[in-house]
Structure formats: structure tokens, C-alpha cells
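This is a predicted model, so every value here is computed, not measured. A note on names: the letters A, B, ... follow the listed sequences, proteins ahead of strands, and every chain is numbered from 1.
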Protein chains: 4
Amino acid sequence: MRSESSTEGRRRSFIEEARRRQIIAAAVEVISEVGYAGAALARIAERAGISKGVISYHFAGKDDLMAQLVIQLYVSAGEYMGPKIGAVETARDQLLTYLATNLEFIDANRTYIAALHQVVLNLRDAEGNPRFATSDGEHEIIQPLIEGLIRGQQLGEFGTEFDPAPMAQSMRDAIDGAAVRAAREPEFDVAAYSAHLCRMFDIATRKGERQ
Amino acid sequence: MRSESSTEGRRRSFIEEARRRQIIAAAVEVISEVGYAGAALARIAERAGISKGVISYHFAGKDDLMAQLVIQLYVSAGEYMGPKIGAVETARDQLLTYLATNLEFIDANRTYIAALHQVVLNLRDAEGNPRFATSDGEHEIIQPLIEGLIRGQQLGEFGTEFDPAPMAQSMRDAIDGAAVRAAREPEFDVAAYSAHLCRMFDIATRKGERQ
Amino acid sequence: MRSESSTEGRRRSFIEEARRRQIIAAAVEVISEVGYAGAALARIAERAGISKGVISYHFAGKDDLMAQLVIQLYVSAGEYMGPKIGAVETARDQLLTYLATNLEFIDANRTYIAALHQVVLNLRDAEGNPRFATSDGEHEIIQPLIEGLIRGQQLGEFGTEFDPAPMAQSMRDAIDGAAVRAAREPEFDVAAYSAHLCRMFDIATRKGERQ
Amino acid sequence: MRSESSTEGRRRSFIEEARRRQIIAAAVEVISEVGYAGAALARIAERAGISKGVISYHFAGKDDLMAQLVIQLYVSAGEYMGPKIGAVETARDQLLTYLATNLEFIDANRTYIAALHQVVLNLRDAEGNPRFATSDGEHEIIQPLIEGLIRGQQLGEFGTEFDPAPMAQSMRDAIDGAAVRAAREPEFDVAAYSAHLCRMFDIATRKGERQ
DNA sequence: GATGAATGAGAGTTCATTCAT
DNA sequence: CATGAATGAACTCTCATTCAT
């Protein structure tokens, strides 16, 4: 069954896929309650109402389960945001849509995001190197943002007073910060915060601002 | 010896304080290398060149050591930033100084910050609740910022178009994001990023901006 | 289906017998590659290209499969050697034929022998007592040899200077040792070794040797 | 503490060495009773009257414990046999002394030998290759024997009708077979068997025998 | 003050076996 | 007949903690 490699091409039956989702969902719940370190397979299995061995049967191991949890959410986020961003025209609209849809997705998946955060920060490979929280991973996420900003500058939609790289980093940090806060505080108003961020970055990228 | 409570009032000898710092420093190194989960007391002791028992002698336990690590850095940060912020007059200058000195401190303590981040995110009490990563903790840190922004608005230094709370949150997220990046990427230019943030938040808080 | 007892008398269909041989053959391969401890049913099933359940269907359990592996080889060896030994007349010829045909069989079934050795040494019953590697098993195998030697002495073909029991034991040890070596070293020349043993035991059992 | 590598040069305290011997002794007992597969660390610890963790503390792991068990016995055997073989002059005496002292050692360490046999045959490295039961290991043990036989032939003490390699192999097999039997049958008379082997190999290596 | 041997709970993992389909 | 999902026990190993020296 194992799925250590995400590109194994192994076709999975519907029922098996359901089990995997069920287990991942249980992991999400447990992690968001007791943290990464406290998320023992025994507890996850108990939460899912299955025996410990089932997890080993459907995943190559604990690390694989955690990795799949991350990957599944990344894919979901892409599926949610991609079309919406693709549907608008201007670079500015795309930027603001990126921000807004990202926060919408976060708002709709708070516990999941909390768990993801825990996993990304804690999961390491055998040599002890982070598996997701790497410069490479960061680069991969932020590069499209930078390119969008550059395109906007070239098209004359954005001002040229700002450097795209740190601007993109600020946007990512704002989103990640909102995710952490959304995960931590149930009463946190993501929509309002989204509006704040959109306005702030809208201004920050305007022409003529001595930015 | 134990120091489970940080306010135990127990006066410590100089030599004892040195030992504690040495152990915390070793913990910082180990955590930044192998992560929170990989930071066993045995490894920390080995790194410090002492025996495991010494740690138990100077700290109430592993959790206490980790908590002291966090507290020590918070105190250091306060000692570094406090005077500098107090030295400037206007609300705007205080705000920008807060940002700048915060990033200076981060730049000067990258490994330490990396370890702190790990601990804050992972350390939990017996019931599984986060010890530092709480709404209360967040509130405590962010409240002064909010007050600074409100004062600036009342004094007419800042525009009133923005809501102080989300603005303060954005600033915290920007700082925290920079801290994570500084910890992760040795070549990250904190000073340049600091300049970017100062400009961005300077603009965002101006009068007349429809923020 | 079960066959816990080898004398169950259950008549098996041809196709069923074929399945059993196929499974045993797969077990032999796996054991000779990864050893007894590494020979999980899952691996054996995978090697045989069938599902785990099939093994359970055809054998009462793992231990039964292993036992049948041993028994099958014992039977095969008997079928191979019996007629050849029965075809010669003198006690000396029978002795030497026993040696020679035994080594021929070993030579022709090296992997099988390797697996058998692993099973005989490791298979135990529920109480932890060896199932094959027992004094009784040894006695059963060695008794015919002793009787052959005694008959040879009575007939005057062999000298009487040697004690039949230790002589028979030496012969068994020589054969078993050759089996182990044949299983371990592909380039081991069994035929040459067989010639060496035949000469050595021929001399050792001669008349007039102060043995 | 670990000792995965036998040449670690780590000086061990007397008390620590005693613990290691105690644990190895317990392992020997357990293995000889329930076999290699049945020898769980929990059972070994229970037998030694200590907790499971102590074994992990004194050995790098189960495999290390097993390896040390083998090595310790090899060393003991060498210490027992070496001087006795060195004390005799002729090649023939050395050969017979090798045989006799080997069997004496076996006789005096029956359970230990039984355990050793189990370990040698079952212990494998991470890749699944045998750790001791290899052609190389066999060669290392048998080479001195072969050299002794060749020297005897060159000195004219032995006949030249036999090939030293298979003769040496037969001797090893005879010894190993005796070891297995001694381990299995408490009433097995090793001394008598030793006399038998000495006589047999004495004759087999004589001059003038058409061997 | 400091050591390191010992403990014991708990972790992830493996695997023979069972059983609904 | 065959499958493969599920079980649950048993295993090795890790580690914070304790304590005699």
C-alpha cells in the first residue's frame, strides 16, 4: 500500500482513498488539539475509530501520513485558488484575488491549516533536515507572486518604486500570519483582515508612491 | 534549584546563572540543528559538555528549560529594544524604531530565534495546551503596538483611515515572517527587508491614504 | 484444507498440490535470500505472485508451511536416495552410495537445502521447543546409518576397531557440513568433496586400521 | 555507551563490563531455551533481572548485543585453545590438539555454543546479508587449519595423498557437528567423540594411505 | 555539585491471522 | 477459491526522569 513517494502512480481504489482521507482527517484533529509531538499514531487511530495497524497499512509510516496531509492541503488550496485567480484579467486584480482567495481558503479550513503549520514546521527527514520548511519550498511558493508583481510593473499597473522580492515576502508573511491567527483564534475575522491586507498592499504597489 | 515558575524569586549565584545560560545556549544550538523533537536532553548535555544530570539540577525538567529559553530571549529583546524606542519622540518614530530594532535584534540572534520559534510552537503543558502560542501571549505582545498606533492617530501623526488592530497584526506578522526567514536563510538581508517594511508601514499609516 | 498434521490422510487434488509446491518454492527462495526471520508471509506471497490469503487457505499457518517445506524435502531426498542405495549389494557399497547420493541430492538442491537448514534450526512449537532439531529427529536419521555399519562389521566387510555410533555421527556431520557449504558458496565443488568423504570414510572403516 | 563497532577503543569500567557480561549471559540462556526468534529483549532483561532499557543502555541495540555474544565466545575460545596448541611441537600434535581443545571448549560451554550457533545463523545486517555465516568468516576460521595441514605435508609428517582444503573442511564440520550435538544432547559424551575424531583424522592424514 | 547507570512508559513498526466480499 | 483490508499483539528503540555514589 505504502505511498512514501507521491509520484508512485499507484492507482488507489475509492474505498482506499476514503480511508486515507479519514485517517488524515483524524490526524488533523489530533494535531490541532495536542500538537505535533503529542500526535501519536495510537491517538490518531483512536480518533479515527480504527486500529493502529491500519495507518501502517495505508501509509508507509507516520512521516508519510504527515507528508500526505501537507500535500493534500496544498493540492486543495491550488484547486480552490487557481481558477479564481485565472478568471481575472489585470495584474492588480490577480494579486488581490490571490490574497483574497488565499484567506478565504484559510478561513474555510482553520483546523486543517493549524495542523499543516505544525507538520510543516516539525516534519524532518532521516538526516534531520526539514522536509517542507526549506528555502526551496519557500522559493517555490513565492516565485509566482514575484513574477506577478514584475509583470504588473512592466505593464505599468504597479509602481516601480518597490522591489518585488521583499514585497512578495511581505505578502506571504501576512497570509501565513493570518493563517496562524485563524487557527488559533476562532473569533478572528478573516474577511475583515483580508480587506485590510488588500487595501494595504493595493496602496503599497501603487504608482507614484515613494515606496 | 528548580525554576518551574519564572517568578520564583530565588536569587541565583553568578556561577549558577552562567551554567543556566550555557545549557540554554546548547539547547539553542541543538534545536536549530535537529528541531524540537530531535532535541533530547542527552544531546543538549553532550553539546554543552556536561552530564544529563546537570540539566535536571538546574532546571525543573525539559519543559522548564525550554520555557526559560523563550523567556530569556524575550527579556533580552526587551532590554535591547526598550531604550531605543524610548529614545525617540514621535509616535511614528517609535513605530518605525520598534520595527527596525526588532529586526536588528532578529538579525543578531538568528539561531536563537530559530530555536525560540520551535519551542514556542511546540511547547505544551500537561493538558496539551500551548504554553506560549496562545491568544493571550499574542495579545500581550501586540497590545503596545496597537496603543502606539491609536496614540499616533489621536496626535494626528497617523491617518485615521486604518484600523489599528489589523495594522498591528500585520506588523507583527511581518516581523515574525522576517524572523523565520532570517533563521532559515543565512543570506537573507534583514537590513534591506527592514527598510522595505519601514517604508511600507510608513505609507500605510499616513494621513489621507484611503486605507 | 489445513494440513497441520502431515498424516491427515486428506487426499489433495493435483491443482491443489501444485499450489502448495508453488508456495513452498516461493518460501524457499525468500528464506534463502533474507533468512528465516525475514521471511514474512507477505513477502512469500508476493514472490509467488499470489495474495497472502492463499497461503492461509492452503496451509494451517506459517509454521505449517515451514514444516511442510521440511517434510517435502525429506521425502524428495528419500525418493532420490532410496532406490540407489537399494541397488547395491555390499554394506560398504551401501555406505558409500549413501554418502554419494546424499551429496548429489544436496548439490542439485542447494537453495532448497539452505532454506531447509534455516527452518530446521528455527522452527519451534508453541512451547518454544525445536520442531525438527531434536535428539529424536537426529536419532531417526542416524539409526539406519548405525545399523548399516553394524551389519558391515558383522559381515566382516568393515573393521571392528571403530564404534558405529560416533562413526555414523561423523558421517552425518560431514554431510550436513557439506550441505551448509553448498548452500553458502555457489562455487563449492560438491562432487570433489563427495570423493574426499568417500575415501576418508572408506579408509576409516577398513579392517586392520587401529581405529 | 553503544559498542556497534568492536574497535571503538572505548575503555569500559569494571562495573560496566560486568553488566555487559551479565546481559550476554542472560541472552545465552534465553536463546538456548527459546531460540533466536523467541529471544526478545524483554525476556532477556527479565532473565537478567533488569529492565529492558538497560540493554539499550549498554549495547547499541539488539543486533549489537548478539554480535558481542558471538565475539566474546570467539575470543574466549581463542584464549583457551591458543596456548595449548602453541605448546606442542609437531604439526600432527598441533592438529590433534586443535581438535581436542576445540572439543574441550565446546564441552565446557554447551549452552553458550548453542546460543552462538543460533546467532551466527540468524544475525543479519540491514541489507539482509548474514553477519557471521559468510564465506569470508568460514575462510578465516579454516585457513589456519589448511596451513597446518600443508606444513605437515611439507615436513613429511603427513601423507600427500589428501587435499588439505577438503580435509580441513571435514575437520571443521566434525567440530561444528559435535558442537550442535553437545548443545542438543546433555548426555552426549564429547570426550569420547573427541577421541574418535582424533583417531579418524590421525589415520586420514597418515603417510602411505591411499587417500 | 556532578555523574551516569537504571528505570519504565510510550513511541513507531512489523506481521501472522482473520474475515467480509 | 481468492482477495486484501483490518486487527491486535509483540517487538525494538528512545528518552525524560530518578537516584546512589
Side-chain angles (χ1 to χ4, degrees), chain A residues 1-2 13 15-16 18-20 23 37-45 48-66, chain B residues 1 13 15-16 19 37-46 49-66, chain C residues 1 13 15-16 19 37-46 49-66, chain D residues 1-2 13 15-16 18-20 23 37-45 48-66:
Chain A
M1 203 59 27
R2 53 208 67 172
S13 72
I15 207 168
E16 190 186 331
R19 258 278 190 264
R20 287 170 60 93
I23 293 167
L41 287 191
R43 231 192 288 231
I44 295 171
I50 56 178
S51 97
K52 239 185 344 171
V54 184
I55 299 180
S56 296
Y57 184 77
H58 287 283
F59 297 91
K62 191 190 187 185
D63 286 1
D64 183 39
L65 164 59
M66 295 302 172
Chain B
M1 201 57 32
S13 74
I15 208 168
E16 195 183 321
R19 259 276 193 262
L41 285 190
R43 230 192 287 229
I44 294 172
E46 188 190 24
I50 57 177
S51 90
K52 258 186 315 178
V54 183
I55 298 180
S56 299
Y57 184 80
H58 287 282
F59 297 92
K62 192 191 187 185
D63 286 0
D64 182 40
L65 164 59
M66 294 302 172
Chain C
M1 202 55 34
S13 74
I15 208 170
E16 195 184 321
R19 259 278 191 262
L41 283 191
R43 230 192 289 229
I44 294 170
E46 186 190 25
I50 57 178
S51 89
K52 259 186 315 177
V54 185
I55 299 180
S56 299
Y57 184 79
H58 287 283
F59 297 92
K62 191 189 189 186
D63 286 2
D64 182 40
L65 163 59
M66 294 301 173
Chain D
M1 204 59 30
R2 53 209 68 168
S13 71
I15 208 169
E16 191 187 328
R19 258 280 189 262
R20 287 170 61 92
I23 293 168
L41 287 189
R43 229 191 290 233
I44 295 172
I50 56 179
S51 100
K52 245 185 339 175
V54 183
I55 299 179
S56 297
Y57 183 78
H58 287 283
F59 296 91
K62 191 190 187 185
D63 286 1
D64 182 41
L65 164 59
M66 294 302 172

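Note that the CD1 atom of Ile55(D) and the CD1 atom of Ile50(D) stand 5.0 Å from one another [nearest 0.5 Å]. Atom-to-atom distance recorded for Ser51(C):OG and Leu41(C):CG is 11.0 Å, nearest 0.5 angstrom. Within the model, atoms OH of Tyr57(A) and CD of Glu16(A) stand 7.0 Å from one another, a figure rounded to the nearest 0.5 Å. Here the CG-CZ distance, from Leu65(B) to Phe59(B), works out to 5.0 Å after rounding to the nearest 0.5 Å.
Remark: Arg43(D) engages no residue in a side-chain hydrogen bond (donor to acceptor under 3.5 Å, both in side chains) (not counting sequence neighbours).
Taking atom CG on Leu65(D) and atom C1' on dC13(F), their separation rounds to 14 Å, with Å as the unit. Distance, Glu16(B) CD to dA2(E) C1': 14 Å, rounded to whole Å. The separation between Phe59(C) atom CZ and dC1(F) atom P is 14 Å, rounded to whole Å. Between the CD1 atom of Ile55(C) and the P atom of dC1(F) there is a distance of 17 Å, rounded to whole Å. Summarising the geometry, the separation between CD1 on Ile50(B) and C1' on dG1(E) is reported as 12 Å, rounded to the nearest angstrom.
Both Gly49(D) and Ser51(B) sit near DNA chain E, but only Ser51(B) has its closest nucleotide nearer the 5' end.
For His58(A) against Arg20(A), the heavy-atom pair with the smallest separation is O-NH1, 2.9 Å. Nearest heavy-atom pair, Lys52(B) versus Ala42(B), reported as atom, atom and distance to 0.1 Å: CG-CA, 3.8 Å.
At least one side-chain nitrogen or oxygen of His58(C) sits closer than 4.0 Å to the OP1 or OP2 atom of dA2(F). At dG1(E), none of the side-chain N or O atoms of Arg19(B) fall inside 4.0 Å of OP1 or OP2 (strictly under the cut-off).
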Can you check nucleotides 14-17 of chain E for protein contacts, nitrogen or oxygen pairs under 3.5 Å, and list what you find?
unit_1	atom_1	unit_2	atom_2	d
dA16(E)	OP1	Lys62(C)	NZ	2.9
dA16(E)	OP2	Leu41(C)	N	2.8
dT17(E)	OP2	Lys62(C)	N	2.8
dT17(E)	O4	Lys52(C)	NZ	3.0

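Of the listed nucleotides (dG1(E), dA5(F), dT3(F)), dG1(E) has the atom at the smallest distance from the side chain of Ile15(B). Set against dA2(F), dT7(F), dT7(E), the side chain of Val54(A) has dT7(F) as its closest nucleotide.
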Both distances under 3.5 Å, Watson-Crick or G-U wobble: on that basis, could you give the dot-bracket string for DNA chain E, with [ ] for crossing pairs and | for other-strand partners? .||||||||||||||||||||
